[in-house]
Structures are given as C-alpha cells and as structure tokens.
Amino acid sequence: MVSAALMLRRPLLVTGQPGTGKSSLAHAIAHELSLGRVLHWPVNSRTTLQDGLYHYDAIGRLRDAGLRRDQDGEQGLVPKEPDIGSYVRLGPLGTALLPVTRPRVLLIDELDKGDIDLPNDLLTIFEDGEFEIPELARLTGEQDRARVVTADPGGRADVDRGRVRCSEFPVVVITSNGERDFPPAFLRRCVRLDLPEPDEERLRAIVRAHLGDSDGSGADGIEGIDELVRAFLSRRASGELATDQLLNAVFLRRGGVGLDADGLLDAVLHRLGGTV
Ligand SMILES: Nc1ncnc2c1ncn2[C@@H]1O[C@H](COP(=O)(O)OP(=O)(O)OP(=O)(O)O)[C@@H](O)[C@H]1O
Ligand SMILES: [Mg+2]
C-alpha cells in the first residue's frame with residue numbers, strides 16, 4: 001500500500017486501533033527510503049489549513065521596525081526595514097511543498113480530530129501542489145525573492161514571488177483513529193491502509209525488534225517475554241489494548257521490575273475503551 005501511494009503520488013490514509021503503529025509508519029518510510037526528517041503536523045480541533053502552510057508575524061516585524069527606527073534615528077541613519085522573510089514561518093505542510101530533489105515525508109497526525117472542513121481544504125492543496133503567500137507576492141522589484149523560515153530546526157528557504165510550488169509531491173501519511181468519517185471526495189484521492197492488530201507471531205517480532213538483537217535473542221529475555229505476550233493476548237481478546245502497552249511491560253521486565261506484584265501488570269495492560 002505504501003508503494004502504491006508512492007507510485008500514484010497520493011496521500012496514504014492509515015487507520016487502525018490506537019498503538020498499532022500508524023504514526024510510526026511515517027518514520028519507518030522516511031527511514032527505509034532515506035528521506036530525512038519527518039515533517040510532523042499534529043491536528044486538533046483548532047487546526048486550520050493556514051497553520052500547516054505558513055504563519056506571518058506581522059506584529060513582530062512592526063515592533064522590530066519601530067526599534068530600528070529609534071536606534072538608527074538617534075545615529076542620524078535612514079532606518080532599514082526588517083527583512084520580511086524572517087517573519088514568515090512555513091508550517092509542516094508548507095515546508096513539504098518546497099521544491100526539493102527528494103520528496104519529504106509529511107505526517108498529518110490524527111486528521112479525524114480536526115475541523116470538519118480541513119480534509120476538503122487539504123484537497124485543493126494536494127491537487128495543485130502549490131500555494132501563495134500574499135504578504136510576499138505583493139512585494140516588487142529586488143525584493144521578489146524572500147528567505148523564509150521553514151519547519152525544520154534552523155531551516156531557511158528561498159521563496160520567489162510569494163509562490164511555493166513542489167517539484168516532487170511529498171510522501172503524505174495521514175493517520176486517523178476513526179473518530180470521524182471523511183468526505184467521499186477526500187477518500188477517493190487517498191490510498192487507504194487499515195493496520196490490523198498484530199497476531200502473536202507479529203507481536204513477538206515487534207518485541208524482538210524493539211529489544212534489539214543483543215537482548216532479544218538471549219534465552220532469558222525471550223522466556224519472560226513469552227509469558228507477557230500471552231498475558232497481553234488474553235487481555236486484548238476481551239478489550240482494547242495497544243501494542244505500545246505490551247512494549248512498556250516488556251521494558252519494565254527487562255529493567256528487572258517484577259510485574260506480578262502490586263498489580264503492576266494490570267496498571268500497564270489496562271483496557272483503553274469503556275469503563276475502567
Ligand atoms: N507494528 C509495529 N511495529 C513496531 N513497533 C510498533 C508497531 N506498532 C506499534 N509499535 C510501537 O508502539 C508505539 C506506538 O506506536 P504509534 O504511536 O505509531 O501508534 P499509533 O497507531 O499512531 O497510535 P495512536 O492511535 O495512539 O496515535 C511506538 O513506540 C511503536 O514503536
Ligand atoms: Mg499516532
């Protein structure tokens with residue numbers, strides 16, 4: 001499914017129970033394909049498309065212009081306007097749409113928590129692969145290239161005439177816990193992947209991978225862990241439980257914590273749904 005999404009240049013919509021590795025999938029793709037740091041855009045009910053694209057700090061620029069006027073005026077100099085690019089910060093989506101030789105991985109995390117209009121707003125952007133920053137577009141003359149701030153730590157990028165246009169469509173991973181249905185027009189444009197809950201064999205493989213070879217292959221490590229996997233599976237059969245919780249239990253056991261005492265296993269492997 002990941003390959004299909006890459007080939008079709010469509011967003012991958014990942015659904016599944018909590019802790020089945022939806023968000024981790026974006027990081028796994030970036031790692032496997034050497035696509036660098038994942039651009040993470042966590043969505044909540046107040047998130048708008050604008051947050052993902054860019055933010056212009058007009059007040060900060062005004063304040064800095066005032067300070068300069070005061071300082072330069074004292075020295076009898078003509079004050080220089082603060083460079084506008086430093087006050088435009090691209091969001092994760094805006095940064096993912098910068099022209100680059102290798103596509104970036106963009107994780108739009110928990111889109112179902114977002115505003116009802118957000119999926120449709122995203123459609124237009126995905127279709128066009130570009131957007132405009134009006135504050136930069138109206139600049140003229142030698143100012144028509146601005147060096148803006150990106151969503152990467154310490155990152156800067158040039159934007160010409162206020163237009164950001166991707167050269168490679170980014171690898172977009174959208175996750176959803178299924179709290180809200182998406183509009184059909186949105187679903188049609190996504191490649192869908194439902195992550196199933198891992199079975200016993202897969203759980204063991206996941207645990208082994210997390211422990212690393214040195215610990216995972218040791219007979220001691222495996223022995224205690226078999227028991228935990230079984231306990232996890234029997235509890236999961238009667239209620240929602242995340243893979244993550246099993247990993248917590250495994251790490252505690254590896255750290256020498258006795259899980260049988262004091263109800264610690266109950267505390268770590270508690271059900272996620274319904275009443276406690
Ligand atoms: N299939 C898997 N392979 C390896 N690790 C996994 C897998 N599933 C879950 N994990 C581990 O469990 C933890 C939680 O995974 P992740 O945050 O990706 O889940 P999620 O599906 O995004 O959960 P949520 O819906 O709560 O956001 C991570 O530390 C991850 O490494
Ligand atoms: Mg997640």
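We're numbering straight along the sequence, starting at 1. First listed ligand is number 1; within each ligand, the first listed atom is number 1.
For atom 13 (C) of ligand 1, the nearest non-hydrogen atom from the set Leu246, Asp244, Leu107 comes from Asp244. Distances from atom 2 (C) of ligand 1 to the heavy atoms of Val14, Leu25, Ile206 put Ile206 nearest.
No donor-acceptor pair under 3.5 Å is formed between the side chain of Lys22 and the backbone N or O of Leu195. At least one donor-acceptor pair under 3.5 Å links the side chain of Arg189 to the backbone N or O of Ala185. Of the possible donor and acceptor atoms, none in the side chain of Gln245 sits under 3.5 Å from a partner among the backbone N and O of Ala249. Under a 3.5 Å cut-off, the side chain of Glu110 and the backbone N or O of Ser176 do not form any donor-acceptor pair. Between the side chain of Asn177 and the main chain of Glu179, no donor-acceptor pair closer than 3.5 Å is present.
Heavy atoms of Thr175 come nearer than 4.0 angstrom to ligand 1 in no pair at all. Remark: distances from the non-hydrogen atoms of Gly16 to ligand 1 are all 4.0 Å or more.
Counting only heavy atoms from C-beta outward, the side chains of Pro198 and Thr243 approach each other to under 4.5 Å.
Under the ring-ring contact (aromatic ring centres under 6.0 Å, His included) criterion, Tyr87 pairs with no residue at all, not counting sequence neighbours.
Atom 26 (O) of ligand 1 has its closest protein heavy atom at Gly19 N, 3.7 Å. Among protein heavy atoms, atom 22 (O) of ligand 1 sits closest to Ser23 OG, 2.8 Å. Nearest protein heavy-atom contact of atom 11 (C) of ligand 1 is Leu247 CD1, 3.5 Å. When only non-hydrogen protein atoms are considered, atom 30 (C) of ligand 1 lies nearest to Ser24 OG, 3.4 Å. Among protein heavy atoms, the minimum distance from atom 25 (O) of ligand 1 is reached at Lys22 NZ, 2.7 Å. The shortest contact between atom 5 (N) of ligand 1 and any protein heavy atom is with His210 NE2, 3.0 Å. Protein heavy atom closest to atom 27 (O) of ligand 1, with residue, atom name and distance, is Glu110 OE2, 3.2 Å.
Ring-plane geometry between Phe251 and His210 is classed as perpendicular, the angle between the planes exceeding 60 degrees on a 0 to 90 degree scale with a lower cut at 30.
Ser86 and Arg156 share a side-chain donor-acceptor pair at under 3.5 Å.
Those atoms of ligand 1 that come under 4.0 Å of a heavy atom in Asn177, given as number and element, are 25 (O).
More than 12 heavy-atom neighbours from other residues, nucleotides or ligands sit within 6.0 angstrom of CZ on Arg61. The number of heavy atoms from other shown groups lying within 6.0 Å of CZ (Arg180) is above 12.
Around the Mg ion (ligand 2), the protein atoms of type N, O or S that sit closer than 2.8 Å are Ser23 OG.
Residues Ile125 and Leu97 approach most closely at CG2-CD1, 3.6 Å, considering heavy atoms.
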